[in-house]
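Worth knowing before you read on, the calculation uses all heavy atoms, side chains too, and leaves out hydrogens, waters and symmetry mates.
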Amino acid sequence: MTQEKPQLRKRGAPDFQLLILTFLLVGFGLVMVFSASSSLTISSEKFNHDPLYFTKKQFIWAILGTVVMFVAMNIHYTKYKKLFVPMFFFTVILLVLVPFTSGINGARSWLQIAGLGIQPTELAKITIILYLSALIVKKGERFRDLRTGYIPVMVIVGFVAGLIMMQPDLGSTLILVATSALIIYAGGASLKHMLGSFLLVVLGASLVLGANSLIKSITHSDAPQTQSSNYKMGRIMAWIDPYQDPEDTGYNLIQSLTAIGNGQVTGTGFGKSIQKLNYIKNPYNDFIFPVMAEEFGFIGTSLFLLVYVYFLWRGIIIALRCPDPFGTLVGIGVMGLFAIQAFVNIGGVSQTIPLTGVTLPFISYGGSSLLIMMFAMGIMLSISRSVNQPAKQEVVKSVQIKRDYRRSV
């Protein structure tokens, strides 16, 4: 019969819920950036007295991110099995260049490219997800072997994490390592090997800190600590007791907790946060969640967290439904990255964990972060298109043809 032509399986539509949730989060982020920054920029000549100064910049990045997301969505996710190699080397080159730039607050995390500030660390997060997923799938059963499978993967993670620590950026390092651990576990790594790696890291860190303290005690060094070391130690001490140094190391956390407390149940109302008025430093960035909590209260914050959790759950479901192990690992890695970074941000400003200075995905001001996060969502939507791929249409058509033939007979 002429109808028996080989049918090419078309890719399905992207997951509509995940797409809408992404736009909702990005849109809400723009609203919160405006609320958190407008009162500061309108009163400052530095920002041309423009209440939309940061909002307009974030909007431009959101447009660029949308374009990147749709492009990535229309690239079959399996293509990244080949693209991850050049992406990895490009990321490593950028990370190597970062320590030679001028620092901000004791950290060197930015590169100026064509007048734009780029954070290579953000690109490293998604690159390591693609790299590990492809490598684990390629190794297959050999991945469970310590020497030929597990150790080479851990060397790659340690190498990238080491480059980020040179900036230094402890928060991003922890996020990258935690996301990598999630992918490695999902890829079938032995829990015994993972526990051994964790103990080695703890032991190594303890030895380094102990040796540093011993050298200082032997040499009786009275030289002041570097700004970077003071900065990190101050955050740890502030987490333990922010009121021990309320004017310096504990200041930001105290203002953050005050904002969260001021919100109470229903909040002060949109745009009516008090703590964002030169109390919280950079309220539109790392500390945007306390502003949200103050303006929308417990009810509004809980609603936001429910939407965010549903967004994460929807992405994980798509990843688990993907028939390809590579797609499953990439999907788990991407959604794990969002979950871990959101926990680190919210946990830091609420004194659950020490402050690390990372953005709240889709919500905080930050062009590099938003662009990479939307690129990651493009990959997730590409995976969802394969999950939503139509069933074997050729089988359905052949059955229909046979039924029509029997009727004619």
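Residues F88 and T127 approach most closely at CA-CG2, 3.4 Å, considering heavy atoms. Closest of all the heavy-atom pairs between F362 and V26 is CD2-CG2, 3.7 Å. The two residues S364 and T359 have their closest heavy-atom pair at CB-CB, 3.7 Å. Between H49 and I42 the shortest heavy-atom distance is ND1-O, 3.1 Å. When all heavy atoms are compared, the tightest approach of G327 to C322 is CA-SG, 3.8 Å.
With sequence neighbours excluded, the residues that form a ring-ring contact (aromatic ring centres under 6.0 Å, His included) with Y284 are F54, Y365. Residues passing the side chain to side chain donor-acceptor pair (under 3.5 Å) test with T352 are S350, sequence neighbours excluded. Partners of S180 according to the side chain to side chain donor-acceptor pair (under 3.5 Å) rule, which considers only residues two or more places apart in sequence or in another chain, do not exist here. For F304, the ring-ring contact (aromatic ring centres under 6.0 Å, His included) criterion is met by F28, Y308, not counting sequence neighbours. For Y310, the side chain to side chain contact (heavy atoms under 4.5 Å, CB included) criterion is met by Q17, L21, W313, R314, not counting sequence neighbours. For L257, the side chain to side chain contact (heavy atoms under 4.5 Å, CB included) partners are L253, Q351, not counting sequence neighbours. In terms of the side chain to side chain donor-acceptor pair (under 3.5 Å) criterion, Y80 has no residue partners (sequence neighbours excluded). Considering only residues two or more places apart in sequence or on other chains, A134 meets the side chain to side chain contact (heavy atoms under 4.5 Å, CB included) condition with F84, F326. Among residues two or more places apart in sequence or in another chain, the side chain to side chain donor-acceptor pair (under 3.5 Å) test is passed with Q58 by none.
Within the 4.5 Å cutoff, side-chain heavy atoms of I183 are placed close to those of I129. The shortest side-chain heavy-atom distance between M380 and F375 does not fall under the 4.5 Å cut-off. Residues I332 and I316 are not in side-chain contact: their nearest non-hydrogen atoms beyond the backbone lie 4.5 Å or more apart. At a threshold of 4.5 Å between non-hydrogen side-chain atoms, the residues E294 and Q275 count as touching. Side-chain contact check for K276 versus L40: every heavy-atom pair is 4.5 Å or farther apart. Residues I164 and L95 have side chains in contact (heavy-atom distance under 4.5 Å, counting atoms from C-beta outward). You'll find the side chain of M373 stays beyond 4.5 Å of the side chain of T22, heavy atoms only. Residues F287 and N282 fail the side-chain proximity criterion, which asks for heavy atoms closer than 4.5 Å.
Checking side-chain atoms of S384 against main-chain N and O of D15 turns up a donor-acceptor pair under 3.5 Å. In terms of modelled atom types and a separation under 3.5 Å, the side chain of T41 and the main chain of Y53 share no donor-acceptor contact. Judged purely by atom type and a 3.5 angstrom limit, S35 has no side-chain atom pairing as donor or acceptor with the backbone of V31. Listed for the S256 side chain is a donor-acceptor partner under 3.5 Å among the backbone atoms of V349.
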* Test log, rule salt bridge (Lys or Arg N to Asp or Glu O under 4.0 Å), inputs D50 and K56 -> CA-CA 10 Å; D50 184 2; K56 288 188 291 188; 2.7 Å; yes
* **Criterion side-chain contact (heavy atoms from CB on, under 4.5 Å) on I126 and L123, from CA distance to verdict** => CA-CA 6 Å; I126 187 63; L123 180 60; 4.1 Å; yes
* Would you check, one step at a time, whether the test side-chain contact (heavy atoms from CB on, under 4.5 Å) holds for F289 with T301? => CA-CA 9 Å; F289 182 80; T301 304; 3.3 Å; yes
* To do: Please test I184 against Y150 for side-chain contact (heavy atoms from CB on, under 4.5 Å), starting from the C-alpha separation and ending with a verdict.
  => CA-CA 9 Å; I184 290 170; Y150 185 74; 3.8 Å; yes
* Asked: K125 and Q341: side-chain hydrogen bond (donor to acceptor under 3.5 Å, both in side chains), yes or no, with the steps?
  -> CA-CA 11 Å; K125 294 173 184 176; Q341 185 157 328; 2.8 Å; yes
* Go through the steps for L337 and L182 under the test side-chain contact (heavy atoms from CB on, under 4.5 Å), then give the verdict. => CA-CA 9 Å; L337 171 63; L182 179 63; over 6 Å; no
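Just one of V177, T91, I128, V155 meets the side chain to side chain contact (heavy atoms under 4.5 Å, CB included) condition when paired with V160; it is I128.
Other residues, nucleotides and ligands place more than 12 heavy atoms under 6.0 Å from the OH atom of Y251. Annotation: F270, atom CZ; neighbour count of heavy atoms from other residues, nucleotides and ligands within 6.0 Å is above 12.
A side-chain hydrogen bond (donor to acceptor under 3.5 Å, both in side chains) check over residues 129-138, counting only residues at least two apart or in different chains, returns nothing. For residues 152-164, no residue pair satisfies the side-chain hydrogen bond (donor to acceptor under 3.5 Å, both in side chains) rule, not counting sequence neighbours.
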Please report, to 0.1 Å, the donor-acceptor pairs under 3.5 Å made by any side chain of residues 62-78, with sequence neighbours excluded.
residue : atom : partner : partner atom : Å
T66     : OG1  : A62     : O            : 2.8
N74     : OD1  : R385    : NH1          : 2.9
N74     : ND2  : F70     : O            : 2.7
H76     : ND1  : T78     : N            : 3.3
H76     : ND1  : T78     : OG1          : 2.8
H76     : NE2  : S386    : OG           : 3.4
Y77     : OH   : D324    : OD2          : 3.4

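Residues Q119 and S369 bring no donor and acceptor atom of their side chains to less than 3.5 Å of each other.
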